[in-house]
Number of protein chains: 2
Amino acid sequence: MKYEAVTIKDIAKALGLSTSTVSRALRDSYEISPETKKIVIEYAQQINYRPNPIALSLKEKRSRSIGIIVCEIANSFFSQAINGIESIAYDKGYNVIIAQSHESYEREILNLQYLASRSIDGLLISVSSETENLDHLINLHKRGFPIVFFDRVVEDLATHKVSVDNYKGAYDATSELIKNGHQNIAMVAGSEFLSITKERVAGYHQALSDHDLPFDANQIEYCLHGGMLYEEVEKALEKLLYHNNNKPTAVIASADKLTTNCLRYFKSKNLQVPSDIAMIGFSNLDLTDLLSPSLSVIRQPAFEIGQVAIELLIKQIENKRPTTEFEKIILPPQMIIRESSGAKKIR
Amino acid sequence: MKYEAVTIKDIAKALGLSTSTVSRALRDSYEISPETKKIVIEYAQQINYRPNPIALSLKEKRSRSIGIIVCEIANSFFSQAINGIESIAYDKGYNVIIAQSHESYEREILNLQYLASRSIDGLLISVSSETENLDHLINLHKRGFPIVFFDRVVEDLATHKVSVDNYKGAYDATSELIKNGHQNIAMVAGSEFLSITKERVAGYHQALSDHDLPFDANQIEYCLHGGMLYEEVEKALEKLLYHNNNKPTAVIASADKLTTNCLRYFKSKNLQVPSDIAMIGFSNLDLTDLLSPSLSVIRQPAFEIGQVAIELLIKQIENKRPTTEFEKIILPPQMIIRESSGAKKIR
DNA sequence: CTAAAAACCGGGAACGATTGCATAAATAAA
DNA sequence: TTTATTTATGCAATCGTTCCCGGTTTTTAG
């Protein structure tokens with residue numbers, strides 16, 4: 001069943017005018033007499049005329065819609081970021097089409113093809129944790145297609161980038177744990193391919209070094225799927241806790257899903273937090289205060305990241321000349337200290 | 001900066017053919033010789049030709065995109081439902097445009113106007129908790145526009161509806177608490193306007209009655225914003241716990257946000273769950289097992305609800321004749337019993 | 001060998017809106 | 001009165017694609 005909308009032609013026919021006159025009257029052109037304008041505008045209102053955006057898109061060669069690719073919308077960081085994106089996009093008359101990679105490189109490519117074929121005007125992307133090869137993005141970018149990276153940015157592409165100071169977040173978390181007496185701090189990290197992982201590892205590394213603690217590569221375990229799979233996190237923690245000369249007394253989880261799955265593991269093993277094992281996690285869940293013990297977290301300004309990213313993208317889309325100067329914006333993370341990062345057990 | 005795509009004209013010019021021939025060759029028409037087809041298809045592949053969906057939309061009077069209106073995507077139930085919707089929509093070549101009402105009637109109307117003006121082919125909606133008047137939806141529906149309700153359905157509109165057995169969910173939750181010795185059970189409910197609220201209250205009511213317990217209207221508090229505002233929940237609980245002759249020993253929270261805000265309140269008042277106050281909440285969070293005490297929940301099959309809803313919508317969109325028979329599909333909820341619903345304190 | 005029938009391909013209208021250009025009428029200036 | 005100018009409107013092209021309607025060539029049947 002088709003739903004028939006009213007067009008400019010219907011108005012023209014009803015009023016005995018040409019479509020051009022109607023179009024101009026509706027756009028308040030100086031060429032049209034005030035009386036005609038009044039008649040047209042009133043009639044249009046009466047029959048609830050709305051210009052067909054598809055016809056406009058065809059003519060103007062732009063769809064006023066932008067694509068977003070994230071791993072999961074059911075991830076508090078990304079749903080908050082999308083909220084930020086939407087808040088600005090709707091104001092500026094753009095709609096957003098959301099696609100999920102589910103952390104799969106293959107699906108990221110499929111999504112990109114799909115979005116490109118839907119003639120989006122620009123793309124906001126936070127790459128999947130499997131993404132190492134960037135050819136799919138480079139191709140588009142070379143042809144002048146506007147792309148803005150957020151959160152998980154990549155180095156090899158000259159575009160706008162918006163992320164959080166991951167280095168500082170990890171540095172602060174590590175320092176806090178050291179302050180509380182922890183000397184053996186492990187890290188459950190996300191995919192090695194991701195910039196955010198590298199930065200967080202670097203911050204962790206530097207904090208250890210600044211406090212004269214040794215860095216042990218065995219204290220870091222990478223999870224390719226970013227914690228999406230419980231088994232992956234389980235394996236990482238087994239290795240860190242039980243197949244390690246240097247058993248850690250504290251853990252830093254470097255992503256939302258990693259954090260919750262670490263907790264799940266500790267619970268299953270009956271490990272008390274923070275007495276058996278302390279932890280700080282990167283997390284944007286608004287429930288971490290309700291956990292027992294309440295969870296110390298590094299929180300990212302997700303909403304703002306989304307807002308800044310979409311603003312840069314729209315600016316680039318609406319630019320007449322090709323953009324040559326790209327911005328790299330880094331927002332500060334927030335550390336919220338609660339119970340889970342407390343002192344280790346006194347033996 | 002504009003990004004120029006290759007069109008059917010470019011192919012026609014390059015190959016010395018007409019656009020009609022190219023179009024037909026690409027659609028594998030019988031009117032075109034195998035040799036010509038081969039040449040065209042190969043060349044199209046080589047220059048990476050993709051048909052312009054906007055031009056197609058204009059011609060076919062359909063955009064192959066559908067709108068979704070929910071209150072919040074940062075709500076586990078809805079993000080899971082959207083996952084279900086997307087999984088089917090992408091398979092069938094539709095894209096989804098998501099809009100959030102943030103539980104505001106006004107924003108719901110704005111979103112609807114926006115989506116309608118973007119020529120979507122159909123709408124999936126879970127109404128806001130403020131929505132009492134349905135004129136905005138009735139108008140569209142009368143003109144033959146396909147609408148499917150999910151989760152928060154409305155009675156006065158003859159369309160497809162997909163929801164969960166809210167009556168049973170509440171009935172089971174109440175019965176479980178009664179089984180554990182609770183005789184005074186309160187309910188923190190969502191907006192009175194919503195069908196799901198009414199059904200859940202009815203289930204609660206019936207369970208009390210079936211166990212020969214009295215029903216006291218003072219044991220129910222409604223939250224117009226569905227728990228979005230902490231203050232609203234706080235006020236409801238103050239009233240139930242401290243301005244009530246009949247102090248409850250257990251609470252049922254009838255929505256995701258209500259559940260978490262109840263817990264937040266109990267924590268702030270240092271009330272132990274379940275010894276001071278037991279609870280079961282409707283929740284789709286995948287973190288409820290990690291809370292202490294772990295939370296007993298009524299979980300809704302959000303992903304499936306989304307899938308069923310989009311399937312019905314697409315079926316209706318692609319139907320040649322107007323749909324006259326509408327389905328009302330009700331999926332079963334799942335009760336997960338954990339610690340929070342346990343026995344009351346023995347005095 | 002001619003007529004009919006396939007087989008193959010191009011021209012052009014259509015979808016809805018905008019816009020440069022042409023045109024008509026009305027007014028102003030000479 | 002004639003010419004120039006303003007004012008108000010219509011025509012037609014355009015965006016990318018499909019599809020109806022012809023037209024030409026080749027094949028088949030009688």
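Note that the structure is predicted; figures quoted are calculated from it, not measured. All chains are named by letter (A, B, ...) in the order of the sequence lines, taking the proteins before the strands, and each is independently numbered beginning at 1.
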Any residue meeting side chain to side chain donor-acceptor pair (under 3.5 Å) with [X], in chain and number order, not counting sequence neighbours:
X	result
B/Glu304	none
B/Thr21	B/Ser18
B/Ser129	B/Glu103
B/Ser101	none

Just how far, in rounded Å, is [atom2] of [N] from [atom1] of [X]?
X	N	atom1	atom2	value
A/Arg27	D/dT9	CZ	P	18 Å
B/Leu56	C/dC15	CG	C1'	11 Å
A/Asp10	C/dC15	CG	P	10 Å
A/Ile54	D/dT17	CD1	P	15 Å
A/Leu15	D/dT9	CG	C1'	14 Å

Inset, instruction - Taking salt bridge (charged side-chain N to carboxylate O under 4.0 Å, His left out) as the test, write out the residues that go with B/Glu327, two or more places apart. - result: B/Lys315
Legend entry - Residues which pass salt bridge (charged side-chain N to carboxylate O under 4.0 Å, His left out) with B/Glu106, listed by chain and number, not counting sequence neighbours: none
Legend entry - Interface residues of residues 28-40 of chain B with DNA chain D (non-hydrogen, below 4.0 angstrom): none
Legend entry - Those residues that, when tested against B/His225, pass ring pair (Phe, Tyr, Trp, His ring centres under 6.0 Å) (two or more places apart): none
Inset, instruction - Would you work out how much the helix from C/dC1-D/dG30 to C/dA30-D/dT1 bends between its ends, with each end axis defined by five base pairs, to 10 degrees? - result: 60°
Legend entry - Side-chain donor/acceptor of B/Lys37 to backbone N/O of B/Ser29, under 3.5 Å: yes
Legend entry - B/Thr131 and B/Ser128: side chain donor to acceptor below 3.5 Å: yes
Legend entry - Residue met sooner reading DNA chain C from 5', once B/Gly16 and A/Ile8 are mapped to nucleotides: B/Gly16
Quick one: which protein N/O atoms are closer than 3.5 Å to N/O atoms of nucleotides 11-15 of chain D? Pair and distance per line, please.
{"from": "D/dC11", "atom 1": "N4", "to": "A/Ser20", "atom 2": "OG", "distance (Å)": "2.8"}
{"from": "D/dT14", "atom 1": "O2", "to": "A/Lys59", "atom 2": "NZ", "distance (Å)": "3.3"}
{"from": "D/dC15", "atom 1": "OP2", "to": "B/Lys9", "atom 2": "NZ", "distance (Å)": "3.3"}

Inset, instruction - Determine which pairs satisfy ring pair (Phe, Tyr, Trp, His ring centres under 6.0 Å) with at least one residue from residues 81-133 of chain B, sequence neighbours left out, and list them in order. - result: A/Tyr90-B/Tyr114, A/Tyr114-B/Tyr90, B/Tyr105-B/His136
Legend entry - Pairs meeting criterion side chain to side chain donor-acceptor pair (under 3.5 Å) with involvement of residues 38-48 of chain A, two or more places apart: A/Asn48-A/Arg50
Inset, instruction - May I ask you to say what B/Leu17 touches in the nucleic acid, namely base, sugar-phosphate or nothing, with a heavy-atom cut-off under 4.0 Å? - result: sugar-phosphate
